[in-house]
> 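Below is the structure I would like to discuss, written out as structure tokens.
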Amino acid sequence: MPLHVPPAPAPALRSVLTALSSPTAVREARTPSLLRAQGPVTPDLPLPVHVLDRVTAEGLSATRLAGWRFLIRCGGRSVAAAETMLTPDGWAFSRFFEGPYITSTERALRQAETMAQPYQPRLLSVPGLYMLTLWLHEDCTADGGAGHPAATDLLVPLAPAPPGIAAHRPHRVAELLPVLTHRVTPTRLLGSPA
């Protein structure tokens, strides 16, 4: 079943295209694969990046949109990724990067395309566990930049996943959120007792 990739905001895409055409931005990115890319590079597969700020004991989640991530393709393969972020002036280019999450994202997307049910792909970051998941949202018509994980949505942990959580194994949100609740260590506030 095809995935229904949500459209990225036009200013976010423009900011990535501008950065890709800037030799300074590419050179300062410290992404060897992007520097070595032979031929045209293009942004592809825009995915909204949501951050899981909090999981309650009841399994409810508080998420927020942090930006949009684009895979950067050259010669039929992804060589890097670009992220944008929302600023007071609108969407702006944030950074280029490379690493294992790029190939893991592609693998998870290919895996999702073989599922019988259509989904809207998103990324969900869990900073407390240094974890990134492919979030497969059941409502394919939803605004990709809004909403929270529904109990029946799927989360596919990307590699490298935290110890004890298998990468590339789809989990229903209702099954994985309680596990994350017990794993996430609350951040100690500055000045609070130890």
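Note that this is a predicted model, so its numbers are computed, not measured. The figures here come from the full heavy-atom set of this structure, side chains too, leaving out hydrogens, waters and symmetry mates.
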> Do Q111 and P170 have side chains that approach each other closer than 4.5 Å (heavy atoms only, starting at C-beta)?
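Q111 reaches P170 side chain to side chain.
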> CD of E28 to CG of L35: how many Å apart, nearest 0.5 Å?
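Between atom CD of E28 and atom CG of L35 there are 10.5 Å.
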> What pairs of residues pass the side-chain hydrogen bond (donor to acceptor under 3.5 Å, both in side chains) test when at least one of them lies in residues 33-52, not counting sequence neighbours?
S33-E98
> Heavy-atom distance under 4.5 Å between the side chains of D143 and P6, does that happen here?
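No. Closest side-chain heavy atoms not under 4.5 Å.
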> Are the side chains of L123 and L158 in touch, meaning some heavy atoms are under 4.5 Å apart?
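Sidechains of L158 and L123: in contact.
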> Check whether F93 and L71 end up in the same hydrophobic cluster, where Ile, Leu, Val, Met, Phe, Trp and Tyr are linked by side-chain heavy atoms less than 4.5 Å apart.
no
> Would you name the heavy atoms of P46 and A8 that are closest together and state the gap between them?
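Taking every non-hydrogen atom into account, CB-CB, 3.6 Å.
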> Among residues at least two apart in sequence or on other chains, which ones pass salt bridge (Lys or Arg N to Asp or Glu O under 4.0 Å) with E83?
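E83 satisfies salt bridge (Lys or Arg N to Asp or Glu O under 4.0 Å) with R69, R95 only.
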> Does V51 sit in a hydrophobic cluster with other residues, and if so which ones, taking ILVMFWY side chains as linked at heavy-atom separations under 4.5 Å, directly or through other members?
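Traced through the cluster, V51 reaches no other member.
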> Measure the spacing between CG of D139 and CG of D153 and express it to the nearest 0.5 Å.
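Answer for the CG-CG pair, D139 versus D153, is 9.0 Å.
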> Do L155 and L124 have side chains that get closer than 4.5 Å, going by heavy atoms?
yes
> Using the side-chain contact (heavy atoms from CB on, under 4.5 Å) rule, take H137 and Y119 through it: C-alpha gap first, then chi angles, then the decisive distance, then the call.
CA-CA 5 Å; H137 192 52; Y119 289 101; 5.9 Å; no
> Drop me the distance from R172's CZ to L136's CG, to the nearest 0.5 angstrom.
10.0 Å
> Could you grab the distance from atom CZ of R107 to atom CG of L134, nearest 0.5 Å is fine?
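Reported to 0.5 Å precision, the distance equals 12.5 Å.
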> Looking only at heavy atoms, which two atoms of A159 and S104 are closest? And how far apart?
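For A159 and S104, the tightest heavy-atom pair comes out as N-OG, 2.8 Å.
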> Quick one: closest heavy-atom pair of A142 and Q120, and the distance?
O-NE2, 2.8 Å
> Not counting sequence neighbours, list each pair that qualifies as a ring-ring contact (aromatic ring centres under 6.0 Å, His included) and has a residue in residues 153-181.
none
> Can you hop from L154 to V5 via hydrophobic side chains spaced under 4.5 Å?
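In one cluster: yes.
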> In terms of hydrophobic clusters joined by side-chain contacts under 4.5 Å, are I165 and V173 together?
yes
> Restricting to salt bridge (Lys or Arg N to Asp or Glu O under 4.0 Å), what partner residues turn up for R27, sequence neighbours left out?
none
> Of all heavy-atom pairs between W91 and T84, which one has the smallest distance, and what is that distance?
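In this case the closest contact between W91 and T84 is CE3-OG1, 3.7 Å.
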> Between V49 and L65, is there a shared hydrophobic cluster once you connect ILVMFWY residues whose side-chain heavy atoms come closer than 4.5 Å?
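Looking at the clustering, L65 is in a separate group from V49.
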> Evaluate side-chain contact (heavy atoms from CB on, under 4.5 Å) for T31 paired with V79, printing each intermediate quantity in order.
CA-CA 9 Å; T31 52; V79 295; over 6 Å; no
> Drop me the distance from L45's CG to E106's CD, to the nearest 0.5 angstrom.
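Those atoms lie 7.5 Å apart.
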> What are the two closest non-hydrogen atoms of F96 and V26, and how far apart are they?
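Shortest heavy-atom contact: CE1-CG2, 4.2 Å.
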> Starting from the C-alpha separation in whole Å, work towards a yes-or-no answer on side-chain contact (heavy atoms from CB on, under 4.5 Å) for I102 and I72.
CA-CA 9 Å; I102 295 168; I72 305 299; over 6 Å; no
> Would you check if T105 and L47 make a side-chain contact, meaning some heavy-atom pair closer than 4.5 Å?
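Side-chain contact under 4.5 Å: yes.
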> Do you know which two heavy atoms are closest between P157 and T133, and how far apart they sit?
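Minimum heavy-atom separation between P157 and T133: CA-CG2, 3.8 Å.
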> Residues two or more places apart in sequence or in another chain: which of them pass side chain to side chain contact (heavy atoms under 4.5 Å, CB included) with L13?
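In terms of side chain to side chain contact (heavy atoms under 4.5 Å, CB included), with neighbours along the sequence ignored, L13 is linked to L17, P43, F70.
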